[in-house]
Amino acid sequence: MIGRASPVRIRQPAWWVAIVRAGPGASARLHSMANLEQLLQKRLTPAFETVAGAPADPSLRRSQHADFQADGALPLARKLGRNPREIAADVVRHAHLDDLCQSVEISGPGFINLTFAEDALAPLIAEMAGQGRLGVAPVTQPDTVVIDYSAPNVAKEMHVGHLRSTVIGDAAVRLLEWLGHRVIKANHLGDWGTPFGMLIEHLLDIGETEAAHELSLGDLNSFYRAARAKFDTDDAFKERARTRVVALQGGDEQTLRLWRLLVDESEKYFLAVYDRLDVCLTEKDFFGESFYNDRLHPVVQELDRLGLLRDSEGAKVVFPQGFTNRDGDPLPIIVQKRDGGFGYGATDLAAIRYRTQELHANRLLYVVGLPQKQHFEMVFEAAREAGWLTTAARAQHVGFGSILGPDGKILRSRAGDTIKLVELIDEAVARAAALVAEKNPDLDDETRAEVARMVGIGAIKYADLSNDRVKDYVFDWQRMLSFDGNTAPYLQYAHARIRSIFRRGGVAAPAGLSAVAVSEPAERTLAIELLAFEGVVATVAETLEFHRLAAYLYTLATAFTAFYEKCPVLRAEGETRESRLALCDLTARVLARGLTLLGIGAPVRM
RNA sequence: GCGCCCGUAGCUCAGCGGAUAGAGCAGGGGACUUCUAAUCCCAAGGCCGCAGGUUCGAAUCCUGCCGGGCGCACCA
């Protein structure tokens, strides 16, 4: 019953890169007009093909020298035996760009610098502003995605080790659901296994009422420790615990009732934590290890029938291809232990089989720490060999690094214990409340409390999501709660500040504009940034690299600030004012949407 | 031993085949009768761990080292 984020694992820092098994289907999506890169891609690809005589990548990217640059002419030089500048010129001749670009220049060794025309940007922004979905169309072919995340252990406290899985998994749920995929949240609760013998016996010792009381208070650690202490020191207790495990696995009704009590109380507690953390997990999302109990024997039988099952030192195992141990021998997944019990390998295989064959999922995400990378590689390989993971379905280990303290070691309390998640949340909200009170004393108590909650929780989540998830990151209150830099409070403030423009001006966002002026450089920069939203969302949906979305939002907020410095809004008049108000509103909506996708609230005032 | 990950400015991090390597923080210098200064501007700060290689072009790809960390059967 050691959950996926077991402290044993978390204690050990590691940086493991997630494998992204590129399956056959990045989800199909509609071409969006509100994506400048895609527009250029569509125009340049045929031109490159014509010039090269074969499909050739235009190699488009954002540029410091123009809005975009296409570098695809350079690699063609050798292939075609021509000067790359001439190739670039040829491509430009064949590409229809007049209606999009005000300038197309060839520079350096053969870069094509592309600058959009105001007349092209104006209606695109107007169109984006007119849509609720901000230029991001729902997918045409939704995936059925199972996201396996959070995974706390029954009768054990949720601690910082569960933070990343919960936060990253929650962001994945929000993003993929928003894009129109069918998302199934799978909270792989550690609710089964040998420790339940001692936990149930301890429960009996102190009485059900007292046990329920302790657990409902969230005092899970002391409950677990007390059980553990007796188990380690009291032989009679140890024997009772062993007997109890047998009864549990044998389906003894009284034992199952007590087990259920433990699970129920723990689930209530976890739900309270999720609520405080503002994550989407509900009581319907618990798919604990015990859920697969009935499906373990069938897994063994089917592996046997397929000829994949081997006997090794008395245990039933499978040897997925391509893995060896320290002696160079094949590395097994233990399916059934020598004593007849099942290990996590069996549960994980049963879960894959269930998810692909019964839930008909075609994308499986495992938001689990990087030390388990090899384990998942092996399980995925075994599942492929068994035919449970086919080319139509893909599994992705969404791995992540550790959270470090200021000393560069795994984050712990000063006493050296793991830090409870609730304590972390309390501190974040308390710090945020102090900050908000100091910055804006005019807010009423209720608003201030609500803002503090959004800022505090947002700071924790954003600190996590704005870092490349495969790397470790340093947990630092000062930095994550700063209103400067790439932080949640900065983005939230940028959003609130825009909303205050409308409040102060007593105006509503203009609707139904056919064009939004982007003649000022700061307007142009902001417009181009806004139109990049769709591309970023699509990329992140595939890679689950949420720090890219975070970086985008920060760049957008920066672009807005520059615009706001240079371009008066309420003091402007006529069409200019309308147009700028539209830019303000659109920026605020993209910021709010982006933050929402990350699971972070965007207060309208703060 | 085999395998995997990380090493970029003083600090925290982006960039991962394209032009002079970018932010934020800290430190230096400026800008407030404000559309929220909870802000912005300027300057300074880099043998992109080291050495080879591939390429028209390498922080980015390959190989080998160095440093830090992790995994390698009945715990998940």
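Just so we're on the same page: letters track the sequence lines, and every chain starts at 1.
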> If only side-chain N and O atoms of A:Tyr552 are considered, is one of them under 4.0 Å from the OP1 or OP2 phosphate oxygen of B:G15?
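Checking B:G15 against A:Tyr552, no side-chain N or O comes under 4.0 Å of OP1 or OP2.
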
> Searching all strands shown, indicate the nucleotide that pairs with B:C61 (Watson-Crick or G-U wobble; both distances under 3.5 Å).
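Check on B:C61: paired to B:G53, both distances under 3.5 Å.
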
> Using Watson-Crick or G-U wobble geometry with both distances below 3.5 Å, tell me the partner of B:C47, or none.
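With both distances under 3.5 Å required, B:C47 matches none.
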
> How far, in whole Å, is B:C61 from B:C6 if one measures between their P atoms?
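Between the two P atoms, the distance is 9 Å.
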
> Taking any heavy-atom pair under 4.0 Å as a contact, classify A:Cys567: base, sugar-phosphate, or nothing.
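It contacts base atoms.
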
> Kindly state whether the pair A:Tyr493 / B:A38 counts as stacked, where counting means centroids closer than 5.5 Å and planes tilted less than 30° apart.
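Stacking is present between B:A38 and A:Tyr493, given that their ring centres fall under 5.5 Å apart and the planes under 30°.
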
> On RNA chain B, nearest-nucleotide positions of A:Ser482 versus A:Leu331: which is more 5'?
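Nearer the 5' end of the strand: A:Ser482.
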
> I'd like to know if A:Asn113 reaches the base of B:A19 with its side chain such that a donor and an acceptor end up less than 3.5 angstrom apart.
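Donor-acceptor pair under 3.5 Å: yes.
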
> From CZ of A:Arg469 over to P of B:C13, roughly how many Å is that when rounded to an integer?
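About 17 Å, once rounded to whole Å.
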
> Roughly how many Å apart are B:C32 and B:C40, using the C1' atom of each and rounding to a whole number?
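11 Å, rounded to whole Å.
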
> With a 3.5 Å cut-off and just heavy-atom distances, do the side chain of A:Glu289 and the base of B:A76 make a donor-acceptor pair?
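There is none.
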
> Tell me the partner of B:G10, counting only Watson-Crick (N1-N3 plus N6-O4 or O6-N4) or G-U wobble (N1-O2 and O6-N3) with both under 3.5 Å; none if nothing fits.
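Paired with B:G10, as far as the under-3.5 Å criterion goes, is B:C25.
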
> A:Ala315 near the nucleic acid: base, sugar-phosphate alone, or nothing, with a heavy-atom cut-off under 4.0 Å?
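Counting heavy atoms under 4.0 Å across all strands, the contact made by A:Ala315 includes a base.
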
> Please determine, for the side chain of A:Ser500, which listed nucleotide (B:U12, B:U39, B:U36) has the closest atom?
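Of the candidates, B:U36 comes closest.
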
> Give one of base, sugar-phosphate or nothing for A:Asp71, where a contact means two heavy atoms less than 4.0 Å apart.
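Base contact.
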
> With both distances under 3.5 Å as the test, what is the Watson-Crick or G-U wobble partner of B:G71?
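Check on B:G71: paired to B:C2, both distances under 3.5 Å.
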
> Just the rounded figure in Å: distance from P of B:C11 to CG of A:Asp476.
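Interatomic distance, CG of A:Asp476 to P of B:C11: 14 Å.
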
> What is the nucleic acid contact for A:Tyr490, judged by heavy atoms within less than 4.0 Å: base, sugar-phosphate only, or nothing?
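It contacts sugar-phosphate atoms only.
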
> Quick one: label A:Glu313 by what it contacts on the DNA or RNA (base, sugar-phosphate, nothing), any heavy atom closer than 4.0 Å.
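Base, at least one base heavy atom under 4.0 Å.
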
> Rounded to the Å, how far apart are A:Gln372 CD and B:C75 P?
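Between P of B:C75 and CD of A:Gln372: 14 Å.
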
> Do A:Gln64 and B:A19 share a donor-acceptor pair, side chain to base, under 3.5 Å?
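No, no donor-acceptor pair under 3.5 Å.
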
> Taking the C1' atom in each of B:A9 and B:A59, what is the distance between them to the nearest angstrom?
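The same atom, C1', in both gives a distance of 14 Å.
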
> Looking across every strand, which nucleic acid part, if any, lies under 4.0 Å from A:His547 by heavy atom: base, sugar-phosphate, or nothing?
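Sugar-phosphate: the residue A:His547, judged by heavy atoms under 4.0 Å, touches backbone atoms but no base.
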
> What about the rings of A:Tyr490 and A:Tyr493, do their centers lie closer together than 6.0 Å?
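Here the rings of A:Tyr493 and A:Tyr490 have centres that are no less than 6.0 Å from each other.
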
> Could you tell me which nucleotide pairs with B:U39 by Watson-Crick or G-U wobble geometry, both distances under 3.5 Å, or answer none if nothing does?
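B:A31 is the nucleotide pairing with B:U39.
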
> Using a 4.0 Å heavy-atom cut-off across all strands, classify A:Ser107 as base, sugar-phosphate, or nothing.
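Base, at least one base heavy atom under 4.0 Å.
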
> When you match A:Ile112 and A:Val604 each to their closest nucleotide on RNA chain B, which lands nearer the 5' end?
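That would be A:Ile112.
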
> Rounded to the Å, how far apart are A:Ile410 CD1 and B:C6 P?
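Whole-Å distance recorded here is 16 Å.
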
> Heavy atoms only, 4.0 Å cut-off, all strands: where does A:Pro568 land among base, sugar-phosphate and nothing?
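Base, at least one base heavy atom under 4.0 Å.
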
